Colleague: 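Got a structure here, written out as structure tokens. Questions coming.
Bear in mind the structure is a predicted one, so any value in this text is a computation, not a measurement.
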Amino acid sequence: MPELPEVETVATGVDKRVRGDVIESVWLGSKPEPFKTSPIEMAATLSGRRVERVYRVGKHIVFDLEGADGLQWIVHLGMTGRLLVAEADAPVETHTHAVLRLGSGRELRFVDPRRFGRLAIHREAAGQGFRGPGREPLTITLEEFAALFKNRKTPIKAALLNQKLLHGVGNIYADESLFRAGIRPKRMAGRLTREQLTRLHAALQEILRHAIALGGSSVSDYVDADGERGFFQLEHKVYMRGGEPCLTCGLPIRRMLLGGRGTHYCPGCQK
DNA sequence: CATTTCACCTGGTGGC
DNA sequence: TGCCACCAGGTGAAAT
């Protein structure tokens, strides 16, 4: 899964290749799982439209479609979803659920083995495009960030993963930013000190920006729109390093379950 | 309402 | 080589 940096990388890559292109025809797989909008309505809405712009909101990829009705195509990659721009004669991978044939002769393909991804048409309400469920981690101010966690009794890691608070943060960047800020994942969100909130706000933004600059983390099968892997996995300090020595203090990194998610932290560096 | 747990899927890995 | 348990970037419904 792609989290904020991976989705940003994919959206940027797709925008570069697809912006201005016309969707000439649409094929949607028969399995209904990925579609929040019915396949018939989705295909009818997309066919013949020009793509004005592609960008990221939270973990969603938003396609602005040309036209006065303000319709948008929303793609969520789930855990294993990929959006690929391919030549029309390139072999179609298994688990391909959507193919958009473009006027340029290329195809935009949605591939998702686990089928946790979602596709939908968003109808603009009151002149507003798709906004996402929460606040943007990259642009939120420290004051707004601190206010999100006030009086919350859930562990800080669970709060970071709650998309209605901040959208875009997932398991990798929650663990990595808590390590960088020196905070244990189980610490109650509402009990963080002002200093901890300041460190966490800075750590999260620094890590997300760094990860975007490196094209995201390729843990297993993540690739961008050109099929290229990212490099931020080489910078992980705790994620998936359970049992290995902390790169700062040497103590073994611990792995535990928190909210059903694998959680990694350093018992020496995080308080 | 806030919070936690679990189902939803396929595939890769490691132990036996 | 096979079988099986367990794990994986996420979310949202149901239970508490």
Colleague: Send over the distance from Lys157(A) NZ to dT4(B) P, rounded to a whole Å.
Modeller: 13 Å

Colleague: How would you label the contact of Arg82(A) with the nucleic acid (heavy atoms, under 4.0 Å): base, sugar-phosphate, or nothing?
Modeller: nothing

Colleague: Given dT3(B), dC8(B), dC7(C), which nucleotide is nearest the side-chain atoms of Phe116(A)?
Modeller: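 The answer is dC8(B).
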
Colleague: Write down the distance between NZ (Lys164(A)) and C1' (dC1(B)), rounded to a whole number of angstrom.
Modeller: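 Distance check: Lys164(A) NZ to dC1(B) C1' gives 11 Å.
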
Colleague: At 4.0 Å (heavy atoms only), tell me whether Gly262(A) reaches a base, stays on the sugar-phosphate, or touches nothing.
Modeller: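 Gly262(A): backbone/sugar contact only, no base atoms under 4.0 Å.
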
Colleague: Any salt bridge between Arg180(A) and Glu176(A), counting N to O under 4.0 Å?
Modeller: no

Colleague: So does Ile40(A) have more than 12 non-hydrogen atoms from other groups sitting under 6.0 Å from CD1?
Modeller: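 For Ile40(A), atom CD1 is not crowded (no more than 12 foreign heavy atoms under 6.0 Å).
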
Colleague: Requiring both pairing distances under 3.5 angstrom, list the stems that contain DNA chain B and are made of three or more consecutive Watson-Crick or G-U pairs.
Modeller: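 Listed by first number, the stems are B:2-8 with C:10-16, B:10-16 with C:2-8.
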
Colleague: What's Thr94(A) touching, base or sugar-phosphate or nothing? Going by heavy atoms closer than 4.0 Å.
Modeller: nothing

Colleague: Side chain of Lys153(A), heavy atoms from C-beta onward: which of dT3(B), dC7(C), dT10(B) has the nearest atom to it?
Modeller: dT3(B)

Colleague: Measuring from the side chain of Pro113(A) (C-beta onward, heavy atoms only), which nucleotide among dG10(C), dG11(B), dA8(C) has the closest atom?
Modeller: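 My answer, after comparing the listed nucleotides, is dG11(B).
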
Colleague: Using the benzene-type ring in the case of Trp, are the ring centres of Phe63(A) and Phe130(A) under 6.0 Å apart?
Modeller: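 Aromatic pair excluded; centres sit 6.0 Å or further apart.
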
Colleague: Any donor-acceptor pair under 3.5 Å linking the side chain of Glu3(A) with the backbone of Tyr173(A)?
Modeller: yes

Colleague: Whole-Å distance between dA2(B) P and Leu165(A) CG?
Modeller: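 About 9 Å, once rounded to whole Å.
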
Colleague: Taking only the side-chain heavy atoms of Arg115(A) (C-beta and beyond), determine which of dT10(B), dA8(C), dC8(B) contains the nearest atom.
Modeller: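 The answer is dT10(B), which lies nearest to the side chain.
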
Colleague: Set out, in order, the CA-CA distance, both residues' side-chain angles and the distance that settles side chain to side chain donor-acceptor pair (under 3.5 Å) for His97(A) and Asp112(A), then state yes or no.
Modeller: CA-CA 7 Å; His97(A) 305 301; Asp112(A) 184 14; 5.3 Å; no

Colleague: From CG of Leu257(A) over to C1' of dT5(B), roughly how many Å is that when rounded to an integer?
Modeller: 12 Å

Colleague: Would you mind classifying the nucleic acid contact of Phe232(A) as base, sugar-phosphate or nothing, using non-hydrogen atoms under 4.0 angstrom?
Modeller: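 Nothing, no heavy atom under 4.0 Å.
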
Colleague: For dG10(C), does either OP1 or OP2 sit under 4.0 Å from a side-chain N or O belonging to Gln163(A)?
Modeller: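 False: Gln163(A) side-chain N/O out of range (4.0 Å or more) of dG10(C) OP1/OP2.
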
Colleague: Between atom NE2 in His167(A) and atom C1' in dG12(C), what is the gap in whole Å?
Modeller: 18 Å

Colleague: Provide the full list of side chain to side chain donor-acceptor pair (under 3.5 Å) pairs with a residue in residues 224-233 of chain A, sequence neighbours left out, each pair given once.
Modeller: Arg17(A)-Asp226(A)

Colleague: Just the rounded figure in Å: distance from C1' of dG12(C) to NE2 of His76(A).
Modeller: 11 Å

Colleague: Could you tell me how far dC9(B) sits from dA14(C) if I compare only their P atoms? Round to whole Å.
Modeller: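 Each nucleotide's P atom is 15 Å from the other's.
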
Colleague: Between dA8(C), dT11(C), dT3(B), which one does the side chain of Lys59(A) approach most closely?
Modeller: dT11(C)

Colleague: What is the distance, to the nearest angstrom, from the CG atom on Leu258(A) to the C1' atom on dG10(C)?
Modeller: 16 Å

Colleague: Would you classify Gly170(A) as touching base, sugar-phosphate or nothing, given that sugar-phosphate means primed atoms plus P, OP1 and OP2, and contacts are heavy atoms under 4.0 Å?
Modeller: sugar-phosphate

Colleague: Would you mind checking if Glu143(A) and Arg194(A) are paired as a salt bridge, meaning a charged N to carboxylate O distance below 4.0 Å?
Modeller: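 Between Glu143(A) and Arg194(A) there is a salt bridge, with a charged N closer than 4.0 Å to a carboxylate O.
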
Colleague: Does the dC9(B) base have a donor-acceptor partner in the side chain of Arg114(A) within less than 3.5 Å?
Modeller: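 For Arg114(A), whose side chain was compared with the base of dC9(B), there is a donor-acceptor pair (under 3.5 Å).
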
Colleague: Let me know the distance between CG of Leu148(A) and P of dT3(B), rounded to the nearest Å.
Modeller: 12 Å

Colleague: Can you tell which of dT11(C), dT3(B), dG10(C) lies closest to the side chain of Thr154(A)?
Modeller: dT3(B)

Colleague: Test: ring pair (Phe, Tyr, Trp, His ring centres under 6.0 Å). Region: residues 153-172 of chain A. Which pairs qualify, not counting sequence neighbours?
Modeller: none

